[in-house]
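Notes follow once the structure below has been shown.
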Amino acid sequence: MGENMTENKKLLLIDGNSVSFRAFFAMHNVLDKFISGDGVHTNALYAFNNMLEIILKEEKPTHALVAFDAGKTTFRTKMYSEYKGGRAKTPPELLEQLPLIKELLNLRGIKTYELKDFEADDIIGTLSKEGEKDDMDVTVITGDRDLTQLTTKKVTVRVNVKGVTETESYTPEHVKEKLGIDPNQIIDMKGLMGDNSDHYPGVEKVGEKTAVKLLNQYDSMDGIYDNIDDMKKSKLKEHLINDKDQAFLSRKLATIDTDAPIEVKMGDLEYQGDNQEQLIRFYQKMSFNSFLERMDVDTDTNVSDLAEIEYSLLDEKALKQIVSDTGVQTVIVESLGENYHTTPIIGLAVESGDKYYATDDVGILENQDFKDWLADKSKEKYVFDYKKTIALLDRYGCKIDGVTFDMLLVAYLLDTNDSKQDIGLVAQNYGHNLPTEDEFYGKGAKKAIPTDTDKLLNYLAQQAQVIVSLHDKMMAELKDNDQDSLYDEIELPLTIVLSDMELQGVTVQASKLKEMENSFAQRLSDIEKSIYAAAGEEFNINSPKQLGVILFEKLKLPVIKKTKTGYSTAVDVLEKLKDKSPVVQQILDYRQISKINSTYAVGLQKFIQPDNKIHTIYQQTLTQTGRLSSIEPNLQNIPIRIDEGRQIRKAFVPQHENWEMFSADYSQVELRVLAHISGDEHMQEAFKEDYDIHAHTAMRIFGLNSTDDVTPNMRRQAKATNFGIVYGISDYGLSQNIGITRKEAAKFIESYFEQYPGVKKYMDDIVKFARENGYVETIMHRRRYLPDIHAKNFAQRNFAQRTAMNTPIQGSAADIIKVAMINMQKKLKQENLQANLLLQVHDEMIFEAPKSEIETLEKIVPSVMDSAVKLDVPLKVESAHGKTWYEAK
DNA sequence: GACCTCACG
DNA sequence: ACGTACGTGAGGTCC
């Protein structure tokens, strides 16, 4: 180890422009929320400071500097006038924040610097070299990958990967691993391949791959051109010769100047630390409450630093005040851990008339006045996670009603990324200093209720306080987004429907599952034996790693696809190897049965409660599209496609004798939604006339005159294309799915768009909408923000575009069934039926009902479902019933 | 805890 | 040249 006599001097260099840029777009979706008193946007400033806090803590620099670009023209534009040409202008909302960012840095004791005719990169390059000469450790923070060329043993370059706080650290080893070349070869690589975003060319047809290959062979661009005469004749050689001048110019442009004429000296860069007084005033001016709070409690967010709040014990005396209060009150019912259907309540808190009450004695729930107050619909209440609160109280014999504000639900509707089902996280997103569950109770094995009861009760009181103080702001945002009816009329009423379903539970016969488990076990052991025989040895078939060795090394089957860690043994790969060896089919069989056995036959038994029922949890605030998800267990993926798996459904039965299972599903709801929102005439006609949609599509894209001429294979391909359209199609994806070439797939798509021009227009328009607004929305104004729609990275951006196309379709379908569920529950009550809604699987509802009610359900369920919303095309519902879920289809 | 695989819409 | 279908949850392996 080298001795460092300068005592760990540490230089921090930040690329001010690129980090500000990232900061701005990372918080672009809250642009309008972050405005200072005098009307200046502050989102980038806020995110920048966030990053700064984290970086300063991690890096503990002794010296620091933030470099900025000085202007549009530099020595590079003089060399090549097109340099960075065609770049989008910096948004004015960001531009106005740059002086604020510099002011902030000044108050935080960090020097800023810019130099005429040079870019921030050159300042950083020059100083990092100087720091290294002084034997300092240097860290560079930037949003720009180009700076990785500065990486050395002493210089680490951290590039923002997601937002501004997550970075990827480049050391020389990491560069080598990632790019396959050394840091000092990066400029040669850029010279050869050019740079689209900086707008300079390299050598024609040379991309990253080719450049790296050449550099591995010839070391540098000079090496390539020294040996060019010896290269054998090829297009590549021709391009290299033709574009030689261009390549050397590009390399020059890509090279960061490490010898810029800067006027600052290392001594000027000493990190000063915060100017407390002025910084506080600055934060106040910017309304940065969270940063202000952090200053008061110092930097440590330990539980002991929890701001104290005054509360009294929630006892009989307090209840007198609470039940007589006519104003809005906030209720906290706390439980720790995973599944709220089984975990105990560990504490309660109520905010009432600006006072806080809390207790860890659940005996209070036996007080009749309290019970009545909780169940009283006319007593308005606020909570966090209404569904959980209902379920917890239910086990203690209490009902709760009158809830008008569920902070979790509102946070989710405002931004699907925001809700992490943790009040601390939501609070922190809104600038409040409340610990998360993990922060307060500890993580993993260390998780525990604090021994100091006062601490716990204080935390609960604080939760109530956060809910009270954020209510107005969040509800106002909801209204601004035009999402108030989505909340009032759909999500909040749905919470009650879902809690009914969860608490009702579905009856599952353990004996039936046990029986299947035994028969699967027998079959598995048979197949196992014959696989071992074919392989010539015993191994763990469930291990993709071991299986890979057997298939591709021992049996020498051709490798079709690789994963990050080894050979892929996924179904699509094995399907292609089926005729090469009989063992492949046996492995497929083994996999299938093993999956059904472990996940369902064995797995589901563990969830059957003493009441012979399974009580799943529907996550209402999780998916990015507005669908529900089901956990512990997941009852939305019970097998159906293959009969062996489908047998599992025979264990799902009604809870009473002489009852039946009844299921009803929407037919092609997503395509109908697409027909509606795209307004495409041909697709709308197909649904209005109730044609077989896939046959109709086949007829159109294959240019036939009648659906009678459509072959089953044509229909299959058209069906896949319809699915692809809904997912945000790509020719590659479609080609993989139906086993045709990419070219053929591209043809399909082209003719699809010719036949359904409205669909094409929708796809173009929705992506444009996402680019302009930063989000997309459903028919009920459910929102999904798509920050990656502006990503520089091709794959990320494309993904965001497909998401923009798919989300309004999938999400609107989710809206529709949610409305139907609410109406259905109402109808069952109105009609005084005993039938119970038990499950929802995205486009279907599953009920149990007395046999005598089945006929009624057959009329009312489809009618409630297809009238849930009014679209430009009809909705279609199919239903079935039988003794078990298996038969109800 | 990451990764692979596979169940559903 | 890039690297892909959209949305989920869970079990098993391996580190």
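Chain letters run A, B, ... following the sequence lines, proteins first, then strands; residues in each count from 1.
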Answer with base, sugar-phosphate or nothing: what part of the nucleic acid does [X] contact at a heavy-atom distance below 4.0 Å?
{"X": "A/Ile596", "value": "nothing"}
{"X": "A/Val726", "value": "nothing"}
{"X": "A/Val206", "value": "nothing"}
{"X": "A/Leu628", "value": "nothing"}
{"X": "A/Ala720", "value": "base"}
{"X": "A/Thr210", "value": "nothing"}
{"X": "A/Gly728", "value": "nothing"}
{"X": "A/Glu844", "value": "nothing"}

Worksheet item: Are A/Phe652 and A/Tyr886 close enough that their ring centres sit under 6.0 Å apart?
Response: no
Discussion item. Quick check: A/Tyr756 with A/Tyr752 (ring centres under 6.0 Å apart)?
Written reply: yes
Worksheet entry | Close approaches to DNA chain C from residues 798-810 of chain A, in residue order (heavy atom, under 4.0 Å) | A/Asn798, A/Phe799, A/Arg802, A/Thr803, A/Asn806, A/Gln810
With the threshold set at 4.0 Å, does a side-chain nitrogen-carboxylate oxygen contact exist between [X] and [Y]?
{"X": "A/Lys876", "Y": "A/Asp866", "answer": "no"}
{"X": "A/Arg627", "Y": "A/Glu670", "answer": "yes"}
{"X": "A/Lys747", "Y": "A/Glu744", "answer": "no"}

Looking only at side-chain N and O atoms, does [Y] offer a donor or acceptor that is under 3.5 Å from a partner on [X]?
{"X": "A/Arg742", "Y": "A/Tyr732", "answer": "no"}
{"X": "A/Tyr600", "Y": "A/Gln605", "answer": "no"}
{"X": "A/Thr563", "Y": "A/Ser568", "answer": "no"}

Could you check which of [options] has an atom nearest any side-chain atom of [X]?
{"X": "A/Ser568", "options": "B/dT5, C/dG7, C/dT4", "value": "B/dT5"}
{"X": "A/Arg591", "options": "C/dT4, B/dT5, C/dG7", "value": "B/dT5"}
{"X": "A/Gln624", "options": "B/dT5, C/dG7, C/dA5", "value": "C/dG7"}

Reckon [X] has a side-chain N or O less than 4.0 Å from the OP1 or OP2 of [N]?
{"X": "A/Thr565", "N": "B/dC4", "answer": "yes"}
{"X": "A/Thr569", "N": "B/dT5", "answer": "yes"}
{"X": "A/Arg641", "N": "B/dG9", "answer": "yes"}
{"X": "A/Thr623", "N": "C/dG7", "answer": "no"}

Discussion item. Would you call the rings of A/Phe769 and A/Tyr775 parallel, tilted or perpendicular, taking 30° and 60° as the class edges?
Written reply: perpendicular
Worksheet, complete the sentence: Going 5' to 3' through nucleotides 9-15 of chain C and flagging B where a protein heavy-atom sits under 4.0 Å of the base, S where only the sugar-phosphate is that close, and - otherwise, we get BSSSSSS
Worksheet entry | Note, A/Arg672 side chain near A/Tyr666 side chain (heavy atom, < 4.5 Å) | no
Worksheet item: Counting only distance, no hydrogens or angles, is the base of C/dG7 paired donor-acceptor with the side chain of A/Arg784 under 3.5 Å?
Response: no
Worksheet item: DNA chain C in dot-bracket, Watson-Crick or G-U pairs under 3.5 Å, [ ] crossing, | other strand?
Response: .....|||||||||.
